[in-house]
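Following: one structure in structure tokens, then a few remarks.
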Amino acid sequence: MPELPEVEVVRSGLDPAVTGAAIHGVEVFDRRSLKRHSPVEGDFERLLQGRTVLGAVRRGKFLWFPLSESPQSGPQALVAHLGMSGQVLLRTPGFEEAGLLRIRLHIEHPQHGEFWVNFVDQRIFGSMAVDRLVPTLDGAPAGFAGTARTAAALVPSQVAHIARDPLDPAFDERAFFAALARKRTGIKRALLDQTLVSGIGNIYADEALWAARLHYEHPADRLSRPRARGLLAEVRLVLEKALAEGGTSFDAQYVNVNGASGYFSHSLNAYGQQGKPCARCGTPLVREQFMNRGSHLCPHCQRRPRARPVAPVE
DNA sequence: CCTCACACCTGGGTGC
DNA sequence: TGCACCCAGGTGTGAG
């Protein structure tokens, strides 16, 4: 559920408190939350002990914190993915966490003092890991590090296959359109494919498709270039709008992506709106099963495309 | 190579 | 009240 806007809210909230802070303690309460940590890198707790956090970077839904170099290793970062239900919470030491606490970092910032960074995750789809940083293929900054900071052109190895997100200045539109034109699948599946474009999840996919008046099964390779451009514009609009709404109501010192507060539900036009009238035409919106998840759409504005002609069999 | 179904998880909700 | 069941969906994997 946390998609690009929610993860960015977490990144921007953590950034001032963790950048420059030293990690002086690590507690792992559930090893399952380390499923993305490769033992080849070394022991998770030992790798973090004594390192200084150099920043907070995001690409799509992936978040990482570059670490000061240790003598034994090349550049590394602490990687976090929130999965479905993950939260990274900045807490005053001693705070009793109500949710399912999986990992706790003890950090000390030269100006702001001591904090706990609590990784809470009900469903354990999220995780933390220490990963090595590798150069980006295009040489551009690896992700978004805040308006005042430029990310290095180094990306965690496990994030290297993730496409840039559509708000990244280095997002390659030409490559994206070309990739879309090669996809023999429905447009929603393509939007959710993080190797094509990252940061979009079920909620904002439905919102962008509604705005672009596209059915989720519209073949990606049969989208005209203008319609593909229009869709990308709607994706950006939806993400930026959510970002603007989420970025304001919130104390930068204390990060809380707690459930509903992060989901801007008041401004949704499609997701979860089944039964309500379409904001454009008044037709009741419907919810359908697609890809084992809910898809919300207007049956009038978003017509199912006619079936692809069956390929002749030799 | 590509596409797609499925496993991974558990609190909260529903129906009996 | 209790309990079995179902649902939410991001990502990695492996089948075909």
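Within every chain, numbering begins at 1; the chains are lettered A, B, ... in the order of the sequence lines, protein sequences first and strands thereafter.
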Do A:H296 and A:Q273 come within less than 4.5 Å of each other through their side chains, counting heavy atoms only? no
Applied to residues 75-96 of chain A, the ring pair (Phe, Tyr, Trp, His ring centres under 6.0 Å) test, sequence neighbours excluded, yields A:F62-A:H81
Practice prompt. Using a 4.0 Å heavy-atom cut-off across all strands, classify A:F290 as base, sugar-phosphate, or nothing.
Written response: nothing
TODO: Could you tell me whether a side-chain N or O of A:R280 sits under 3.5 Å from a main-chain N or O of A:W210, the two making a donor and an acceptor?
DONE: yes
Contacts under 3.5 Å, N or O only, protein and nucleotides 1-5 of chain B:
residue	atom	partner	partner atom	Å
B:dT3	OP1	A:R184	N	2.8
B:dT3	OP2	A:K183	NZ	2.7
B:dC4	OP2	A:T185	OG1	2.5
B:dC4	OP2	A:R189	NE	3.2

Residues at least two apart in sequence or cross-chain that pass side-chain contact (heavy atoms from CB on, under 4.5 Å) with A:E173, listed by chain then number, are A:F171, A:F177, A:R229, A:L232, A:R236
Sorted by chain and residue number, the ring-ring contact (aromatic ring centres under 6.0 Å, His included) partners of A:F119 (sequence neighbours excluded) come out as none
Using a cutoff of under 3.5 Å, can you pull out all pairs of nitrogen or oxygen atoms linking the protein to nucleotides 11-15 of chain B, with atom names and distances?
residue	atom	partner	partner atom	Å
B:dG11	O4'	A:Q122	OE1	3.0
B:dG11	O4'	A:Q122	NE2	3.4

Residue set satisfying ring-ring contact (aromatic ring centres under 6.0 Å, His included) with A:H37, at least two apart, ordered chain then number -> A:F44
Open item on the list: Any base atoms under 4.0 Å from A:G294, or only sugar-phosphate, or nothing? Heavy atoms, all strands.
Closed with: sugar-phosphate
Residue pairs passing the salt bridge (charged side-chain N to carboxylate O under 4.0 Å, His left out) test with at least one member in residues 143-153 of chain A, sequence neighbours excluded, are A:D15-A:R149
From CD1 of A:I124 across to P of B:dT10 the rounded distance in Å is 5 Å
The complete set of salt bridge (charged side-chain N to carboxylate O under 4.0 Å, His left out) pairs with one or both residues in residues 289-303 of chain A, sequence neighbours excluded, reads none
Residues pairing under salt bridge (charged side-chain N to carboxylate O under 4.0 Å, His left out) where one sits in residues 191-206 of chain A, two or more places apart or in two chains, turn out to be A:K183-A:D193, A:K188-A:D206
A correct 5'-to-3' footprint of nucleotides 10-16 of chain C, with B, S and - meaning base, sugar-phosphate only and no protein heavy atom under 4.0 Å, is BBS----
Problem set entry | Contact check, side chains of A:P66 and A:L154, non-hydrogen atoms, under 4.5 Å | no
Identify whether the distance between the nearest side-chain nitrogen and carboxylate oxygen of A:D138 and A:R164 falls below 4.0 Å. yes
In short, the helix from B:dC2-C:dG16 to B:dC16-C:dG2 is bent end to end, axes from five pairs each side, to 10°, by 50°
TODO: Could you tell me whether the side chains of A:S38 and A:E41 share a donor-acceptor contact shorter than 3.5 Å?
DONE: no
Applying ring-ring contact (aromatic ring centres under 6.0 Å, His included) to A:H109 and not counting sequence neighbours gives A:H112
